[in-house]
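See below for the structure under consideration.
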Amino acid sequence: MKYASVIVDVPAKQTDRAFDYKIPEEWQELLIPGMRVIVPFGPRKVQGFVIETKDQSDWNRLKPIAEIVDLTPCLTPELLELGQWLTEKTLCFKISAFQAMLPAAMKAKYEKGLRLLTDDLKNLTEILQPYFQKNDQVKLTDIEQTVPLRIIQKEIEKSYLEVIYNVKQKTNKKTVKVIKRNQSILQLTELFKQFPANARKQLDIINYFISNQINEIPLHDLLIEANSSYASVKALIKKEIFVEEIKEVYRDPYQDRDFKKTNALLLNNEQQQAIAPILDSIRETFHDVFLLYGVTGSGKTEIYLQSIEEVIRKGKEAIVLVPEISLTPQMVNRFKGRFGAKVAVLHSGLSSGEKYDEWRKIQRKEVQVVVGARSAIFAPFENLGMIIIDEEHESSYKQEENPRYHARDVAIYRAQIHKCPVVLGSATPTLESFARSKKDVYKLLSLKERVNKRSMPRVDIIDMREELRSGNRTMFSNVLIEKLTERLEKGEQSVLLLNKRGYSSFVMCRDCGFVIQCPHCDISLTYHRHGQQLKCHYCGHEEQMPNVCPECQSEHIRFFGTGTQRVEEELVKVLPQSRIIRMDVDTTGMKGSHEKLLTKFGQKEADILLGTQMIAKGLDFPDVTLVGVLTADTMLNLPDFRASEKTFQLLTQVSGRAGRHELPGEVIIQTYAPEHYSIQLASHYDYDLFFEREMQLRKNHAYPPYYYLALLTVSHPEITKVVSVTEKIVQFLRWNVENETKILGPVACPIPRIKDRYRYQCMVKYKREKNLNETLRKIMEHFQPEINSEDLTIAIDLSPNTMM
DNA sequence: AGCACGCCGACT
DNA sequence: GTCGGCGTGCTC
């Protein structure tokens, strides 16, 4: 093939199409679609993806491809196709779709440099001379600060310098030097006999290879094992007895750990009934979507594991998606324990290099199973036998930035192509999925019993308003303190959950009610104990906590709301004898600290684990017998049509953390809205009734699953512009949609201003809209001039999870 | 997105 | 007369 169509790494409307390039002669056999290349683009060079090779091009002034990045394509034909589908489904740029499918380490970095063109350094202006003493190339970033751009430009005009564009690869393949023998063991043995006896170190090395019967060994290891130095090794290399090689090695984040090999557990009756149709689907290469609806502790994971075994037996591969936070060691252990080295793990706790390495294992087909968060759905397997999405209801499966895809949709798309099953597992399925299972679009598989036959822990709802009325002004109800004390005495553990979503510690004046807000965003600043700072979570603005109210000069200005730090302090006051582990973003920022804290708790080095949402999932500690939810209802006040659903899910999840083993558990839910149905029904573990009630509400308010949603968010520094653009969009939409489709707006967003930009939105609620994407594309096209030059942005989210 | 080109005002 | 502002349009 002589020509290649390339999608270039320039995320913009005008460049969102293929550009053709000539393939240099020597690469014409080599280059195939899915490979990354570096191509000249205007005056610079950019990375791009080859989507097609061909023998003809409509363009006549073609530039040649500058470089090939991959030797094997990083995108399979299926993924190339999937990228196309993603762009259409989410209205994102093609390049963004491709980049979303690969580990971040494979994204190119760009760097500008200057190259010396004149032979005589003295021609150059004096300040520039020192930079070119040693090298004829200098990074522009090194010079920019000291030398004004004007001066540099002058030199370029005089052709003493030229600008060069470098595309740098982040892909830091980790390598080691290995020493390889160049001769057979037999030859070495011969050599050993005749070797000069005074070369003792060299003899040691040769002997090491002979006695251990090895072909090669990493240099580092050799030096230690044979107790020798690099000098002796080099001498042997010079004699051509050994050779030195650079070898790619994987950073294995789990290398220092042994995983206890586990075997398949015996499935109970219910589990057997649930797994049978999945196994059928795997065996018969048939696409199906299963909703595995099983209460916490009903043994869903064992079903996953045994299904995967079948997939592997068939010589196929499996993807397992788990929510980011539940990718705890416990989860990894179960998969590694069963499948050992056949598993790759992809989650945010890994460094970008580690993620890249795990991805390479998948690409090279060295593993058959990948366990990972959302983006693992793009694992470059070519022989998929099954896709599992655990905790199907988790909102983290939806990406909240472009491309705004939902992993569930991608899973079903891929599974259709591979003719394999998708298993969606949850104790609290999304209304969408459960509704689909009722309509037989998904096949429902139920697990109603817990494996250990224990009933779910008893849940008590505590009305915090009552507590306040009876004079308890702390954040702990009397009952909770009582129960916590009880656990302390018995040596059992407790978990306390602070539901922080939709809740922040703002600063208010007690005298005049003034709340300190961000000057750039319409949202109150959050108090951070660290350095008495006030911080904006949306734009990063920081200011000092004032001593007096800026409005009325009163000294009664203080922060409200509760952070885990604050809870910890209070808790220590009430239960001074307790040992507490606090887990939130502050304490788990560092790599691996999350895990360390959990291990500590698991080894009973603490009595109470206190944390935010992140502790709600996947934890399984035998001695936890009490779970307390400090503030159950904070989410309910958010402008989010899923607020009740999320509250129900969260409460059900945490309740499942108590009493998973021998000891019976108990749950205390503190709330200011005890009568709310999502709290009431969660306390009775009544998903079915919750489903009924919530469905009724969704129907009445025209929300999913009865209607599909599309959310358009317009932003611009001037409010008048935002309003007028949003109005125009609404008008255009009204003209172009079906009668039963509802258009809401324009309205200001829940956060009406972020980073000095006003935000308005408009919501489309529809049942059938064949041409919606086309209509939306027309809108984007129409406003393109303003988007390009007037700092206007229009964001489109098809099927938004929230309205924020 | 970047970058060049080009057309206008305010300075040596 | 030149420097430098940023609107416009292109990138195989």
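To find a chain, count down the sequence lines: A is the first, B the second, and so on, and within it residues start at 1.
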Tell me which residues in residues 42-54 of chain A lie within less than 4.0 Å of DNA chain C, going by non-hydrogen atoms.
A/G42
If a pair satisfies ring-ring contact (aromatic ring centres under 6.0 Å, His included) and one of its residues is in residues 771-796 of chain A, list it, with sequence neighbours excluded.
none
Contact residues, residues 12-21 of chain A to DNA chain C [heavy atom, < 4.0 Å]:
A/Q14, A/T15, A/R17, A/F19, A/D20, A/Y21
Just call it for A/Y165: base, sugar-phosphate, or nothing, with non-hydrogen atoms closer than 4.0 Å on any strand.
sugar-phosphate
Please give me every residue in residues 782-797 of chain A whose heavy atoms get under 4.0 Å of an atom in DNA chain C, ordered by residue number.
none
A/T15 side-chain N/O to A/P11 backbone N/O, donor-acceptor pair under 3.5 Å
no
Donor-acceptor pairs are to be reported for all side-chain atoms of residues 152-166 of chain A against protein atoms at under 3.5 Å, with residues two or more places apart or in another chain.
from   : atom 1 : to     : atom 2 : distance (Å)
A/E155 : OE2    : A/T125 : OG1    : 2.4
A/E162 : OE2    : A/R115 : NE     : 3.1
A/E162 : OE2    : A/R115 : NH2    : 2.8

So that I can tick it off, tell me whether A/E88 and A/K94 are bridged by a salt bridge, with the cut-off set at under 4.0 angstrom between side-chain N and carboxylate O.
no
Summary of ring-ring contact (aromatic ring centres under 6.0 Å, His included) pairs that have at least one residue in residues 54-108 of chain A, sequence neighbours excluded:
A/F49-A/F98, A/W85-A/Y413
Less than 3.5 Å apart, any donor N or O on the side chain of A/N736 or A/T775 sitting next to an acceptor on the other?
no
Please tabulate, for the side chains in residues 712-719 of chain A, all donor-acceptor contacts under 3.5 angstrom to protein atoms that are two or more places apart in sequence or on a different chain.
from   : atom 1 : to     : atom 2 : distance (Å)
A/S715 : OG     : A/R757 : NE     : 3.1
A/S715 : OG     : A/R757 : NH2    : 3.1
A/S715 : OG     : A/T793 : OG1    : 2.7
A/H716 : ND1    : A/E718 : N      : 3.0
A/H716 : NE2    : A/E790 : O      : 2.8

Go through DNA chain B in 5' to 3' direction and return only the first and the last nucleotide with some atom under 4.0 Å of chain A's heavy atoms.
B/dA1 to B/dC3
Summary of ring-ring contact (aromatic ring centres under 6.0 Å, His included) pairs that have at least one residue in residues 3-39 of chain A, sequence neighbours excluded:
A/F19-A/F41
Any residue meeting ring pair (Phe, Tyr, Trp, His ring centres under 6.0 Å) with A/Y405, in chain and number order, not counting sequence neighbours
A/F378
Sorted by chain and number, sequence neighbours left out, ring pair (Phe, Tyr, Trp, His ring centres under 6.0 Å) with A/Y708 holds for A/Y766
May I ask you to test the A/L91-A/L776 pair for a side-chain heavy-atom distance under 4.5 Å?
yes
Under a 4.5 Å cut-off applied to non-hydrogen side-chain atoms, are A/V370 and A/F381 in contact?
yes
A/K765 and A/T741: side chain donor to acceptor below 3.5 Å:
no
Under 4.0 Å between a Lys/Arg side-chain N and an Asp/Glu carboxylate O for A/K89 and A/D409?
no
Range on DNA chain C touched by chain A - first to last nucleotide, heavy-atom distance under 4.0 Å:
C/dG4 to C/dC12
